[in-house]
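To start, the structure itself, in structure tokens.
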Protein chains: 2
Amino acid sequence: MADIESATAQKLLKAFMQFRKTGWHDKKISGHNPSEFKVLATIQQGANEKDYEMKLSEISQRLQVTPPTVTQIINNLEKDGLVERTVDPEDRRAVKIKLTPTGMEATAKARIRFTETFTGLIDYLGEEESEQFADLLTKVQHYFSELNR
Amino acid sequence: MADIESATAQKLLKAFMQFRKTGWHDKKISGHNPSEFKVLATIQQGANEKDYEMKLSEISQRLQVTPPTVTQIINNLEKDGLVERTVDPEDRRAVKIKLTPTGMEATAKARIRFTETFTGLIDYLGEEESEQFADLLTKVQHYFSELNR
DNA sequence: TCATATTACTTAGGTAACTTAATAATTAAC
DNA sequence: GTTAATTATTAAGTTACCTAAGTAATATGA
């Protein structure tokens with residue numbers, strides 16, 4: 001077991017806190033919030049995987065947030081005309097969500113924006129370290145998800 | 001320049017998003033919020049560096065949040081008896097913040113909790129990868145802080 | 001088959017951690 | 001000695017969540 005007052009632990013903690021403040025995630029893109037784009041991207045993913053309109057509950061599962069959260073985000077997206085709700089004819093309790101053409105455009109624009117940012121990061125770190133970093137992030141995520149159980 | 005549709009970029013983005021949901025940062029410790037502990041830890045740091053009572057504005061600078069944010073957090077901490085405000089006699093606009101004994105205890109407890117968590121992480125990753133990860137986090141943070149300027 | 005349980009979503013209300021804009025009090029600068 | 005700048009606070013707003021309670025539809029099983 002590593003020493004409880006380990007310098008590495010302190011260094012890690014500090015690095016975590018700094019990293020949290022980078023704000024890689026905080027900017028609006030053409031007036032839409034990060035949380036809205038996450039939902040848009042999730043819907044698009046579903047549409048790509050198969051010709052598939054995603055249920056609200058599936059969005060909630062994929063993003064690991066509660067259904068009311070998704071309902072609210074979808075409300076905003078629908079109000080802005082990026083998304084359409086339709087009652088599932090096979091289960092009339094369920095709601096299927098579909099991107100409108102405007103929604104697809106916005107999603108594409110955001111995806112490009114994020115990809116540019118991360119491509120820039122890869123240039124900055126180099127391909128090898130970037131891969132390493134992604135792997136480490138995933139590994140660390142596993143550690144914490146096991147802690148919380 | 002790396003390919004704009006690079007798999008690594010997608011992988012990184014996904015890893016970032018997952019990592020964001022780990023919640024390493026979200027739990028209360030004996031009824032106090034993470035943001036409150038960040039302030040407590042900052043005050044303690046100042047007290048350690050020299051025999052030094054930190055001004056509210058300095059807390060704000062160190063944590064990179066606006067002064068009203070700190071004011072509010074300090075209000076809560078003071079209400080809970082973890083912290084004391086005193087007007088700076090050398091500049092009566094300024095407020096100096098000091099930990100009470102209760103505050104010191106709470107801070108110590110939280111520090112131990114965090115150190116345990118991160119020591120556990122080091123055991124999980126190994127010392128070498130942990131150092132690497134901390135360095136990468138810092139490097140990535142630099143990238144993003146240069147982007148936003 | 002019909003009463004009960006379960007599921008899918010929504011509504012209502014709340015919280016944490018921030019922000020900006022405006023204001024009060026004090027100190028600094030010319 | 002007035003004006004400008006600085007320090008902190010108050011007020012109000014935002015984002016991204018949450019829980020609890022409610023509605024409507026479907027599934028279960030006696």
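So you know, we letter chains A, B, ... as the sequences are listed, proteins then strands, and number each from 1.
Nearest-nucleotide mapping onto DNA chain D: of A:Asn33 and A:Arg92, the residue sitting toward the 5' end is A:Asn33. Between A:His25 and A:Pro68, the residue whose closest nucleotide on DNA chain D is further toward the 5' end is A:His25. Map A:Ala94 and B:Lys28 each onto its nearest nucleotide of DNA chain C; the residue landing nearer the 5' end is A:Ala94. Judged by closest nucleotide on DNA chain C, A:Pro67 is the one of A:Arg20 and A:Pro67 placed further toward the 5' end.
A:Ser35 comes within contact range of the sugar-phosphate backbone alone, with a heavy-atom separation under 4.0 Å but no base atom that close. Residue contacts shown for A:Lys96 are absent, as no nucleic acid heavy atom lies under 4.0 Å away. B:Ser57 comes within contact range of the sugar-phosphate backbone alone, with a heavy-atom separation under 4.0 Å but no base atom that close. Across all strands shown, B:Arg85 has heavy atoms under 4.0 Å from sugar-phosphate atoms exclusively, and none from any base.
Between the CD atom of A:Gln72 and the C1' atom of C:dT11 there is a distance of 9 Å, given to the nearest Å. To the nearest angstrom, P of C:dA16 lies 8 Å from CD of B:Glu36. Here the C1' atom of nucleotide C:dA16 and the NZ atom of B:Lys27 are 16 Å apart, to the nearest Å. Between the CD1 atom of A:Ile73 and the P atom of C:dC9 there is a distance of 15 Å, given to the nearest Å. Computed from coordinates, the B:Asn76 CG to C:dC18 P distance equals 13 Å when rounded to whole Å. A straight line from CD of A:Gln61 to C1' of C:dA8 spans 11 Å, rounded to a whole angstrom. Rounded to an integer number of Å, the gap from NZ of A:Lys21 to P of C:dA17 is 12 Å. One atom, CD of B:Glu90, and another, C1' of C:dT26, lie 15 Å apart when rounded to the nearest Å.
Residues B:His25 and B:Lys38 bring a donor and an acceptor atom of their side chains to less than 3.5 Å of each other.
Relative orientation of the B:Trp24 and B:Phe114 rings is perpendicular, given thresholds of 30° and 60° on the angle between their planes.
The side chain of A:Arg93 has C:dT6 as its nearest neighbour among C:dT6, C:dC9, C:dT20.
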For a quick test of your reading: what N or O donor-acceptor pairs under 3.5 Å do the side chains of residues 11-18 of chain B make, sequence neighbours left out?
residue: B:Lys11; atom: NZ; partner: A:Glu131; partner atom: OE1; Å: 2.6
residue: B:Lys11; atom: NZ; partner: A:Asp135; partner atom: OD1; Å: 3.1
residue: B:Gln18; atom: NE2; partner: A:Gln141; partner atom: OE1; Å: 3.0

>> A:Val83 vs A:Thr100, test: side chain to side chain contact (heavy atoms under 4.5 Å, CB included). Steps then yes/no.
In response: CA-CA 5 Å; A:Val83 124; A:Thr100 63; 5.6 Å; no
>> Let's go through A:Lys96 and A:Glu84 carefully: what are the C-alpha distance in whole Å and the side-chain angles of both, what is the deciding distance for salt bridge (Lys or Arg N to Asp or Glu O under 4.0 Å) to 0.1 Å, and is it a yes or a no?
In response: CA-CA 8 Å; A:Lys96 300 235 174 180; A:Glu84 258 173 30; over 6 Å; no
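Here B:Glu49 pairs with B:Arg62 in a salt bridge; the nearest charged N to carboxylate O distance falls below 4.0 Å.
Transitive grouping of hydrophobic side chains (ILVMFWY, heavy atoms separated by less than 4.5 Å) keeps A:Val87 and A:Tyr52 in distinct clusters.
Chain A approaches DNA chain D within less than 4.0 angstrom (heavy atoms of the protein), and the contacting nucleotides run 5' to 3' from D:dT15 to D:dT26.
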